Amino acid sequence: MAGRCGQAPWRLTQAINYSVGIDASTLAPAMPVPTAPANGASGATPASDERIAGQLPVLHERITGWFAETARKLPWREPDCSPWGILVSEVMLQQTPVVRVLPVWQDWLERWPTPAALAREPAGEAVRHWGRLGYPRRALRLHAAAAAIVSEHGGQVPGTYTGLLDLPGVGSYTAAAVAAFAFGRREAVVDTNIRRVHARLMSGVALPAPSLSAAEMRLAAELLPDDDGTSVRWNAAVMELGALVCTARAPKCAACPVQDSCAWLAAGEPPPSYTPKGQAWHGTDRQVRGALMAVLRLADSPVPAEMFQQEPADLGFAADGIGVPLSALHRLNCAPEQLERALAGLLDDGLAELRQGGYRLPS
DNA sequence: AATCCGTGGTG
DNA sequence: TCACCAAGGAT
């Protein structure tokens, strides 16, 4: 029964119940603080270094111990959560905070408890029930992934990294995360939280480089505990540490279980060596797409193109339930060609297919 | 490699 | 207020 693994030793709940007694008296003596790299720009310090290898067991114990005491209770971490539930959570969590995912995940899993259940629905229903999670193409890809799971894997979520990687919307992070968290595999899971923890703790820099490097993947692989079960808990624990303590903006170093080993703290918290590029929004096509999506999600009948261009009050049917998003769209006052471009983009991405006949092309 | 793709909370 | 930011992926 691949879907149920309540007694599986890798499950994170086991880690939470597993008390390691993290009080100071049981810890190894304070580790020597690693020398911060002279050059703060580099990515990964070679972890094959004796100095780092020697303190790995202590890092493992402290961070997994902290996790056992502190981890948030999340439904996709429950021992009876299916691989499908974990896959859905991982896709929803891409670039999206936990608190916003929770209610949508609950709705999805109740509505579509298996890949087959989702696959037999029109793709538009997946997008509609995506709600306002953002990046709605993820819903489309999750629907396509469900179809692939049914047609190519007998309805069971594949349990290997490469099998997962072949699914639409599943990249290197999600494939590793599902292989680890749903199937107990030893994988180097590298997300933005883990990258930031590694950057500070091991490399002594404030932030990881803008794009994931091969050196970072090597470092993550070398930090990974040898034991399967421990490696799964380590991945989850480092991610949680990055989410709750070693945060991007205002890190809570006083609450960090490895503060005395942190290369960045030892170096005096040097500032980032670059300034992150913000994501443009106001006045962009993305903003128009978002406004269009809001209209389409709420419409339960075809939406003529004129509706997008006309004052909702002039249409005479603002009471049909989409008056508010139509007003929001109109308030953007975007150029007609930008509106056309956004519409065309939605069509290219298959995102207008909210429901059969739910959207009509501009003619 | 650099860009694009949504949304809402927050320092 | 406003830019940054969040369990990335695809091209």
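What's counted below: heavy atoms across the whole structure, side chains too, no hydrogens, waters or symmetry copies. Computed from a predicted structure; not experimentally measured. Lettering of chains follows the sequences in order, A, B, ..., and the numbering in each one begins at 1.
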Peer 1: Calculate the interatomic distance between Gln94(A) atom CD and dT7(B) atom C1'; express it in whole Å.
Peer 2: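 After rounding, the gap between these two atoms is 15 Å.
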
Peer 1: Please give, in whole Å, the distance from dT7(B) P to Leu329(A) CG?
Peer 2: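 Spelled out: CG on Leu329(A) to P on dT7(B) is 12 Å.
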
Peer 1: Any side-chain to backbone donor/acceptor pair from Arg200(A) onto Ala206(A)? Under 3.5 Å, distance only.
Peer 2: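 Checking the backbone N and O of Ala206(A) against the side chain of Arg200(A), a donor-acceptor pair under 3.5 Å is found.
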
Peer 1: Of Ser211(A) and Met293(A), whose nearest nucleotide on DNA chain B comes first from the 5' end?
Peer 2: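 So the residue in question is Ser211(A).
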
Peer 1: Tell me which of Ser89(A) and Gly169(A) sits closer to the 5' end of DNA chain C, going by the nucleotide each one is nearest to.
Peer 2: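 Checking each residue's closest nucleotide, the 5'-ward one belongs to Ser89(A).
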
Peer 1: Between atom CD in Gln287(A) and atom C1' in dG8(B), what is the gap in whole Å?
Peer 2: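 Nearest whole value for this atom pair: 14 Å.
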
Peer 1: How far does the P atom of dA7(C) sit from the matching atom of dC4(B), given to the nearest Å?
Peer 2: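 Per the computed distance, 23 Å lies between those P atoms.
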
Peer 1: Would you indicate which nucleotide in dT7(B), dC5(B), dG8(C) comes nearest to any side-chain atom of Trp281(A)?
Peer 2: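 Ranking dT7(B), dC5(B), dG8(C) by closest atom to the Trp281(A) side chain puts dT7(B) first.
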
Peer 1: Below the 4.0 Å mark, does dA6(C) have OP1 or OP2 next to a side-chain nitrogen or oxygen of Arg196(A)?
Peer 2: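 Yes.
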
Peer 1: Starting at the 5' end of DNA chain C, which residue's closest nucleotide do you reach first, Pro168(A) or Leu93(A)?
Peer 2: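 First, find each residue's nearest nucleotide; the 5'-ward one identifies Leu93(A).
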
Peer 1: Starting at CG of Asn193(A) and ending at C1' of dA6(C), how long is that distance when rounded to a whole Å?
Peer 2: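 To the nearest whole Å, that distance equals 8 Å.
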
Peer 1: Is there a continuous path of hydrophobic side-chain contacts, each under 4.5 Å between heavy atoms, that joins Val189(A) to Phe67(A)?
Peer 2: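 Looking at the clustering, Phe67(A) is in the same group as Val189(A).
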
Peer 1: Taking the side chain from Thr247(A) and the backbone from Ala243(A), do they hold a donor-acceptor pair closer than 3.5 Å?
Peer 2: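 Side chain of Thr247(A) to backbone of Ala243(A): no pair is present.
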
Peer 1: Is there, by distance only and without an angle test, a donor paired with an acceptor across the side chain of Arg249(A) and the base of dC4(C) below 3.5 Å?
Peer 2: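 Donor-acceptor pair under 3.5 Å: yes.
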
Peer 1: Just to be sure I understand the rule, does Gly171(A) reach a base, reach only the sugar-phosphate, or reach nothing, if contact means heavy atoms closer than 4.0 Å?
Peer 2: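 Since only primed, P, OP1 and OP2 atoms lie under 4.0 Å of Gly171(A), the category is sugar-phosphate.
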
Peer 1: Can you check whether Arg141(A) has a side-chain N or O nearer than 4.0 Å to OP1 or OP2 of dA10(C)?
Peer 2: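 Result: no.
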
Peer 1: What's the closest nucleotide to the Ala248(A) side chain, out of dC5(C), dA7(C), dG8(C)?
Peer 2: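 The nucleotide sitting nearest to the side chain is dC5(C).
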
Peer 1: If each of Thr284(A) and Pro97(A) is mapped to the nucleotide of DNA chain B with the nearest heavy atom, which maps nearer the 5' terminus, i.e. the 5' end?
Peer 2: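 Going by which nucleotide is closer to the 5' end, it is Thr284(A).
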
Peer 1: Is the backbone of Gly85(A) close enough, under 3.5 Å, to the side chain of Trp105(A) for a donor and an acceptor to pair up by distance?
Peer 2: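 Yes, Trp105(A) side chain to Gly85(A) backbone: donor-acceptor pair under 3.5 Å.
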
Peer 1: Expressed as a whole number of angstroms, how long is the span from Arg286(A):CZ to dA10(C):C1'?
Peer 2: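 In whole Å, dA10(C) C1' lies 14 Å from Arg286(A) CZ.
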
Peer 1: Under 4.0 Å, counting only non-hydrogen atoms across every strand here, what does Thr174(A) touch: a base, just sugar-phosphate, or nothing?
Peer 2: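 If one applies the 4.0 Å heavy-atom cut-off, Thr174(A) turns out to touch the sugar-phosphate alone, with no base involved.
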
Peer 1: Name the nucleic acid region contacted by Leu74(A), choosing base, sugar-phosphate or nothing; use a 4.0 angstrom heavy-atom cut-off, strictly under.
Peer 2: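 Base contact.
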
Peer 1: Determine the contact category for Leu133(A): base if any of its heavy atoms lies under 4.0 Å from a base atom, sugar-phosphate if only primed atoms, P, OP1 or OP2 are that close, otherwise nothing.
Peer 2: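 Touches a base.
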
Peer 1: To the nearest Å, give me how far apart NZ (Lys277(A)) and P (dA1(B)) are.
Peer 2: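 My rounded result for the distance is 16 Å.
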
Peer 1: Is any side-chain N or O of Arg297(A) closer than 4.0 Å to OP1 or OP2 of dT7(B)?
Peer 2: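 Looking at the OP1 and OP2 atoms of dT7(B), one of them is under 4.0 Å from a side-chain N or O of Arg297(A).
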
Peer 1: Taking all non-hydrogen atoms of both residues into account, name the closest pair between Leu118(A) and Trp108(A) and its distance.
Peer 2: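 Shortest heavy-atom contact: CD2-CZ3, 3.7 Å.
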
Peer 1: Trp130(A) near the nucleic acid: base, sugar-phosphate alone, or nothing, with a heavy-atom cut-off under 4.0 Å?
Peer 2: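 Counting heavy atoms under 4.0 Å across all strands, no contact is made by Trp130(A).
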
Peer 1: Touch check for Val170(A), heavy atoms < 4.0 angstrom, all strands: base, sugar-phosphate only, or nothing?
Peer 2: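 Touches sugar-phosphate only.
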
Peer 1: Output the rounded distance in Å from CZ (Arg195(A)) to C1' (dA6(C)).
Peer 2: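 Whole-Å distance recorded here is 14 Å.
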
Peer 1: Between the side-chain atoms of Gln95(A) and the base atoms of dC5(C), is any donor-acceptor pair under 3.5 Å?
Peer 2: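 There is none.
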
Peer 1: Can you check the distance between dC4(C) and dT3(B), where both ends of the measurement are the P atom (answer in whole Å)?
Peer 2: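 Straight-line distance between the two P atoms is 15 Å.
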
Peer 1: Looking at the side chain of Glu240(A), which of dC5(B), dA7(C), dG8(C) is the nearest nucleotide?
Peer 2: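 Of the candidates, dA7(C) comes closest.
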
Peer 1: Looking at Thr192(A), does any N or O in its side chain come under 4.0 Å of the phosphate oxygens OP1/OP2 on dC5(C)?
Peer 2: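 So the side-chain polar atoms of Thr192(A) never come under 4.0 Å of the phosphate oxygens OP1 or OP2 of dC5(C).
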
Peer 1: As a test of reading the structure: which of dA7(C), dT7(B), dC5(B) is closest to the side chain of Val98(A), going by heavy atoms?
Peer 2: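 It is dA7(C).
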
Peer 1: Between Arg132(A) and dG8(B), is there a contact of a side-chain N or O with OP1 or OP2 at under 4.0 Å?
Peer 2: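 Yes.
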
Peer 1: Between dG9(C) and dG8(B), how far apart are the P atoms? Round to whole Å, please.
Peer 2: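 These two P atoms come out 22 Å apart once rounded.
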
Peer 1: What integer distance in Å separates Leu142(A):CG from dG9(C):C1'?
Peer 2: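 Spelled out: CG on Leu142(A) to C1' on dG9(C) is 13 Å.
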
Peer 1: Work out which heavy atom in Asp285(A) is nearest to a heavy atom in Arg341(A); give both atom names and the distance.
Peer 2: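 Minimum heavy-atom separation between Asp285(A) and Arg341(A): OD2-NE, 2.7 Å.
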
Peer 1: Would you say the side-chain atoms of Arg62(A) pair up with the backbone N or O of Val258(A), donor to acceptor, closer than 3.5 Å?
Peer 2: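 Side chain of Arg62(A) to backbone of Val258(A): no pair is present.
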
